[in-house]
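One structure is given below, encoded as structure tokens.
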Amino acid sequence: MTSLKIALAKGRLLDDSIKLLESIGYDLRAVKETRKLVIDDGAHNVRYLLAKPMDVPIYVEYGAADVGIVGQDALRESGVNVYEPAVLGYGNCRLMVAGKPEYKTMEWRLLTGLRIATQYPRVAKQYFSARGLSAEIIEVYGSVELAPAVGLADLIVDVVDTGSTLKANGLIELDEIFRSQATLIVNRASHTLKVDEVRTLIEKIENVMRET
Ligand code: PRP
């Protein structure tokens with residue numbers, strides 16, 4: 001019987017999430033070897049669900065997964081109501097406002113009618129409306145750095161890790177919105193109904209993080 005369903009974000013967090021769960025003794029060989037999206041680790045009564053990062057909070061909020069490992073960037077964007085009992089110390093990046101270098105010397109925060117391309121419309125809306133700016137948010141599904149280059153947008157709100165994508169596309173950092181790292185999230189009902197399983201998982205993760 002599967003006792004705990006864990007949603008893992010595919011993409012840049014996945015390798016480190018696998019390493020973390022392997023370090024607490026779970027078996028994720030099948031996760032690495034298959035393109036299946038539902039994988040059972042029968043020996044530990046765990047089922048892994050592999051989802052797009054932006055979808056992991058939704059699977060957890062609706063209880064399709066009890067627990068999820070996802071970046072705080074996707075978590076903030078989703079706006080879901082879940083527990084967040086542990087940050088995991090990897091997947092560090094920053095949510096940034098970025099644009100062409102000429103904006104560096106401009107009072108861009110005072111401009112109205114800016115067009116902002118982003119995969120984070122909720123975060124971007126909050127950022128600009130908190131400053132009383134009537135920016136137009138244009139949602140794109142990736143390669144956000146393209147938008148200022150071809151005149152689709154004035155600025156972007158996107159994740160920056162090494163900064164090389166910004167640099168390669170002639171953009172610079174203008175303002176940091178928040179820092180993000182991988183985080184453990186837990187469905188509110190599972191937190192109560194599966195308290196032992198969830199607590200055991202959290203304790204194992206905390207122990208291994210203390211040791212490293
Ligand atoms: C992310 C993000 C940036 C890039 C930043 O894109 O959207 O484009 O990584 O990383 P860097 O600062 O190390 O260059 P990702 O590669 O995940 O693909 P996407 O553009 O389709 O989202």
Side-chain angles (χ1 to χ4, degrees), residues 6-21 28 31-32 34-37 48-61 65 68-80 84 87-104 108 114-130 133 135-185:
I6 304 178
L8 299 176
K10 296 203 288 184
R12 57 176 66 211
L13 289 186
L14 185 59
D15 285 350
D16 285 339
S17 300
I18 289 172
K19 274 187 209 142
L20 175 69
L21 293 170
L28 289 97
V31 175
K32 293 186 275 190
T34 172
R35 286 185 59 80
K36 279 187 182 174
L37 302 174
Y48 302 107
L49 314 180
L50 295 174
K52 287 279 186 189
M54 290 290 191
D55 293 335
V56 168
I58 304 293
Y59 281 91
V60 174
E61 182 178 47
I69 296 181
V70 68
Q72 290 166 319
D73 56 327
L75 184 61
R76 289 266 296 262
E77 177 58 29
S78 70
V80 298
E84 196 183 344
V87 288
L88 302 173
Y90 60 87
N92 294 292
C93 59
R94 293 163 296 141
L95 241 288
M96 299 289 306
V97 181
K100 289 184 178 171
E102 62 240 40
Y103 282 91
K104 189 82 184 171
W108 59 269
L114 286 172
R115 287 194 298 187
I116 317 297
T118 187
Q119 298 182 89
Y120 298 85
R122 182 190 180 90
V123 169
K125 253 182 223 139
Q126 281 171 355
Y127 175 90
F128 284 95
S129 61
L133 296 172
E136 182 184 349
I137 310 296
I138 302 173
E139 187 171 357
V140 293
Y141 290 94
S143 303
V144 184
E145 295 82 358
L146 174 63
V150 297
L152 175 66
D154 302 297
L155 303 175
I156 64 170
V157 167
D158 198 22
V159 160
V160 176
D161 178 9
T162 62
S164 57
T165 311
L166 284 186
K167 196 170 173 207
N169 291 287
L171 303 176
I172 60 162
E173 298 178 4
L174 294 170
D175 197 14
E176 181 178 297
I177 303 178
F178 61 83
R179 286 174 181 264
S180 171
Q181 61 177 294
T183 188
L184 190 72
I185 58 174

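Atoms within a ligand are numbered from 1 in the order they appear, just like the ligands themselves.
Residues Val157 and Tyr127 are not in side-chain contact: their nearest non-hydrogen atoms beyond the backbone lie 4.5 Å or more apart. With a 4.5 Å cut-off on side-chain heavy atoms, Ile156 and Leu166 count as touching. You'll find the side chain of Ile185 reaches within 4.5 Å of the side chain of Val70, heavy atoms only.
Within a 6.0 Å radius of OH in Tyr59, no more than 12 heavy atoms belonging to other residues, nucleotides or ligands are found.
Counting only distance, with no hydrogens or angles, the side chain of Ser180 and the backbone of Gln72 share a donor-acceptor pair below 3.5 Å.
Ligand 1 is surrounded by Arg12, Gln119, Gly142, Ser143, Glu145, Asp158, Val159, Val160, Asp161, Thr162, Gly163, Ser164, Thr165, each with at least one heavy atom closer than 4.0 Å.
Shown are Leu171, Asn169, Asp154; of these, the side-chain contact (heavy atoms from CB on, under 4.5 Å) with Pro148 is made only by Leu171.
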